[in-house]
Amino acid sequence: FLAEVDAPRVEFGLEDYEQRLDALVQRLKERGKTHAVFYGDREHFATMHYFSGFDCRFEEALLVIGADRRASFVVGNEGISQTYPVPYPVDVYLYQNFSFQGQPRDKQEPLPTILKKIGIGADSTVGLVGFKYFEPETIGGNAERTYDVPAYILDALHEVCPPQQVTNFTREITGFPGGIRMQLRSAKEIAWAEAAGNLSASAVQ
């Protein structure tokens, strides 16, 4: 029972991420969305990592993926280098308010301006992904208009895109059973989960 299991670590590559992007783009088109906007921070970056391999480390970040497959990151000072391992082409925008207090703010650009540069505008339909979705019968309001991302990010989105065209898209990613992350796409994903489980078990032992 106490024997450690040394399962080899599994690394995902371009082909794996392209499969996930294909599933996301298909879902965006099925739901009539032009963009998916993913919010992440140190605690809540798993979905962003799933689609890109990007690790927020200590800063907040946004990942925007369009129905045209264009991918853009909005990151703080330290987040720029974290985009380097992403295996497919991405546009990177610096938003220094995502950085820690006391770090440089000399290249500041308003978040709505950055969102416009990415291509989000009055004609866009945005699926906003945080880390929770909400059930209509428990929220006491409109579940699709209930969000768990910082208000200033939501305000910036609403400034460039009409509020009625922004919805909580998290269920499409992590909802069971139909969420994109809830579906295995390859034997490699099974091997990855086994390796992660063994690593966790060894740490507990």
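Since this is a predicted model, take the numbers as computed values, not measurements. The residues of the chain are indexed from 1 along the displayed sequence.
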Between Gln82 and Glu59: side-chain donor-acceptor atoms closer than 3.5 Å
no

Would you say the side-chain atoms of Thr174 pair up with the backbone N or O of Arg171, donor to acceptor, closer than 3.5 Å?
no

Hey, does the side chain of Gln165 reach the backbone of Ala122 with a donor-acceptor pair shorter than 3.5 angstrom?
yes

Please name all residues satisfying side-chain hydrogen bond (donor to acceptor under 3.5 Å, both in side chains) with Tyr152, sequence neighbours left out, ordered by chain then number.
Glu60

With no hydrogens and no angle check, is any side-chain donor or acceptor of Thr113 less than 3.5 Å from a backbone partner on Glu109?
no

Within a 6.0 Å radius of atom CD on Glu43, are there more than 12 heavy atoms belonging to other residues, nucleotides or ligands?
no

Side chains of Leu21 and Gln26: does their closest heavy-atom pair fall under 4.5 Å?
no

Quick one: does any side-chain atom of Ser99 pair with a main-chain N or O of Asn77 as donor and acceptor, under 3.5 Å?
yes

Pair Phe51 + Phe38: ring centers closer than 6.0 Å:
yes

Is the backbone N or O of Asp106 less than 3.5 Å from a side-chain atom of Gln96, with the two atoms forming a donor-acceptor pair by type?
yes

Among Leu94, Asp91, Thr83, find the residue that satisfies the side-chain contact (heavy atoms from CB on, under 4.5 Å) test when tested with Phe73.
Thr83

Under 3.5 Å, side chain of Arg181 to main-chain N/O of Tyr50, donor-acceptor pair present?
no

Take a 6.0 Å sphere around OH of Tyr88 and say whether it holds more than 12 heavy atoms from other residues, nucleotides or ligands.
yes

Look at the side chain of Asp148 and the backbone N and O of Phe131, then say whether any donor-acceptor pair between them is shorter than 3.5 Å.
yes

Positive for side-chain contact (heavy atoms from CB on, under 4.5 Å) with Leu128, one of Leu62, Val149, Asn168
Val149

What's the verdict on salt bridge (Lys or Arg N to Asp or Glu O under 4.0 Å) for Arg9 and Glu11, showing C-alpha distance, side-chain angles and the deciding distance?
CA-CA 7 Å; Arg9 183 173 177 174; Glu11 300 286 352; 3.2 Å; yes

Does the structure place the NZ or CZ of Arg20 under 6.0 Å from the centre of the six-membered ring of Phe12, at an angle of no more than 45° from the ring's axis?
yes

More than 12 heavy atoms of other residues, nucleotides or ligands under 6.0 Å from CD of Gln108: yes or no?
yes

Mark yes when over 12 heavy atoms from residues, nucleotides or ligands other than Glu144 sit less than 6.0 Å from its CD; otherwise mark no.
no

Hydrophobic clustering (ILVMFWY, side-chain heavy atoms < 4.5 Å, transitive) - are Ile65 and Val75 grouped together?
yes

N/O donor-acceptor pair under 3.5 Å between Arg57 side chain and Asp41 backbone
no

State plainly whether one hydrophobic cluster holds both Tyr39 and Phe54, where clusters connect Ile, Leu, Val, Met, Phe, Trp and Tyr through side-chain heavy atoms under 4.5 angstrom apart.
no

Using the side-chain hydrogen bond (donor to acceptor under 3.5 Å, both in side chains) rule, take Thr167 and Lys33 through it: C-alpha gap first, then chi angles, then the decisive distance, then the call.
CA-CA 10 Å; Thr167 58; Lys33 304 294 184 183; 2.7 Å; yes

Using atom types as modelled and distance alone, determine if a side-chain donor or acceptor of Asn198 lies under 3.5 Å from a backbone N or O of Ala195.
no

Keeping the roles fixed (side chain from Glu159, backbone from Asp155), state whether a donor-acceptor pair exists under 3.5 Å.
no

